[in-house]
Amino acid sequence: QVQLVESGGGLVQAGGSLSLSCAASGRTFREYAMGWFRQAPGKKREFVAAISWGASFTYYADSVKGRFTVSRNNAKNTVYLQMNSLKFEDTAVYYCAAAQRRLPSRLEDDYTYWGQGTQVTVSS
């Protein structure tokens, strides 16, 4: 069992930056690929970024490529999402998720554990 708790959300102006963290419980964090997803009001949840359990591989949605960076610290059981050059359309609830696999995935169904989400609001 893995429990995930996101933090770092908030209100930021367009063009600004925000850093999200996701702290995981359990001793097997390093055995999980981690992903970030987001859900805007009235829209389906969508993939944002993911990282392999050893951090060798990362995937990004086209909409955030070049602006967001996913990373992890297995010693701290934490995965991060650094978000730069934020746009109004980045406004959403951001969720981290854990998948018991080596390589990252863009698919929600591959993830077993989910956090409760953290709100990111970008003002235009």
Side-chain angles (χ1 to χ4, degrees):
Q1 188 97 10
V2 176
Q3 292 185 320
L4 305 171
V5 178
E6 302 96 336
S7 61
L11 174 64
V12 63
Q13 285 190 329
S17 298
L18 213 55
S19 182
L20 304 183
S21 298
C22 174
S25 66
R27 293 174 291 179
T28 59
F29 175 73
R30 65 183 68 245
E31 297 177 2
Y32 288 82
M34 299 298 294
W36 286 96
F37 291 78
R38 67 186 181 187
Q39 186 168 20
K43 294 188 176 182
K44 296 175 69 173
R45 189 158 56 186
E46 64 175 4
F47 168 76
V48 175
I51 188 167
S52 62
W53 65 16
S56 298
F57 299 94
T58 56
Y59 297 161
Y60 295 94
D62 288 343
S63 59
V64 307
K65 203 171 294 183
R67 300 188 297 122
F68 289 12
T69 302
V70 60
S71 61
R72 67 189 294 163
N73 184 328
N74 286 344
K76 294 185 176 181
N77 280 14
T78 303
V79 62
Y80 306 94
L81 185 68
Q82 177 64 41
M83 304 184 294
N84 298 328
S85 302
L86 282 161
K87 305 176 181 179
F88 175 76
E89 49 265 39
D90 294 320
T91 296
V93 177
Y94 283 70
Y95 300 89
C96 72
Q100 197 162 15
R101 49 186 282 151
R102 182 175 68 92
L103 294 177
S105 172
R106 296 178 173 88
L107 304 177
E108 285 191 47
D109 287 349
D110 285 338
Y111 292 85
T112 306
Y113 303 104
W114 292 81
Q116 82 289 349
T118 186
Q119 176 71 47
V120 171
T121 303
V122 184
S123 61
S124 57

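All of these numbers come straight from a predicted model, not from anything done at the bench.
Of all the heavy atoms in F57 and R102, the pair that sits closest is CE1-NH1, 3.8 Å. Nearest heavy atoms, S105 versus D110: OG-OD2, 2.6 Å. Closest non-hydrogen pair, V2 versus S25, comes out as CG1-O, 3.8 Å. Shown here for A92 and A40, the closest heavy-atom pair between the two residues is CB-N, 3.8 Å.
Side-chain contact between M34 and L4 is present, with heavy atoms from C-beta onward closer than 4.5 Å. Two residues are said to be in side-chain contact when any heavy atoms from C-beta on lie closer than 4.5 Å; Y94 and E6 fail this criterion. Between Y113 and Q1, some side-chain heavy-atom pair lies under the 4.5 Å cut-off. Y60 has its side chain out of reach of R67: every pair of non-hydrogen atoms, C-beta onward, lies at least 4.5 Å apart. Looking at I51 and P104, their side chains never come closer than 4.5 Å, going by heavy atoms from C-beta outward.
No single ILVMFWY cluster, assembled from side-chain heavy atoms under 4.5 Å apart, contains both V70 and F47. If you chain together hydrophobic residues whose side chains sit under 4.5 Å apart, V12 and M83 fall into the same group. By the criterion of side-chain heavy atoms lying less than 4.5 angstrom apart, applied directly or through intervening Ile, Leu, Val, Met, Phe, Trp or Tyr residues, V120 is not grouped with Y95; the two fall into different hydrophobic clusters. Under the 4.5 Å side-chain heavy-atom criterion for ILVMFWY residues, no single connected hydrophobic cluster contains both V93 and Y80.
With values rounded to the nearest 0.5 angstrom, L11 atom CG is found 9.0 Å from L18 atom CG. Once rounded to the nearest 0.5 Å, the distance linking CG of N84 with OG of S17 reads 3.5 Å. Taking CZ of R101 as the reference point, atom OH of Y32 lies at 13.5 Å (rounded to 0.5 Å). Note that the CZ atom of R30 and the CG atom of N77 stand 8.0 Å from one another [nearest 0.5 Å]. The structure places CZ of F29 at 12.5 Å from NZ of K76, a figure rounded to the nearest 0.5 Å. Between atom CZ of residue R72 and atom SG of residue C22 there is a gap of 10.0 Å, rounded to the nearest 0.5 Å.
Heavy atoms of other residues, nucleotides or ligands lying less than 6.0 angstrom from CD of E89 number more than 12.
One finds a salt bridge joining D62 and K65 here, because a Lys/Arg side-chain nitrogen approaches an Asp/Glu carboxylate oxygen to under 4.0 Å.
Side-chain atoms of N74 come within 3.5 Å of backbone atoms of W53 as a donor-acceptor pair (strictly under, hydrogens ignored).
Between Y111 and F37, the distance from one ring center to the other falls under 6.0 angstrom.
Checked options L81, T91, V64; the residue passing with R38 is V64 (criterion: side chain to side chain contact (heavy atoms under 4.5 Å, CB included)).
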Test side-chain contact (heavy atoms from CB on, under 4.5 Å) applied to L86 and F68, step by step: CA-CA 9 Å; L86 282 161; F68 289 12; 3.8 Å; yes
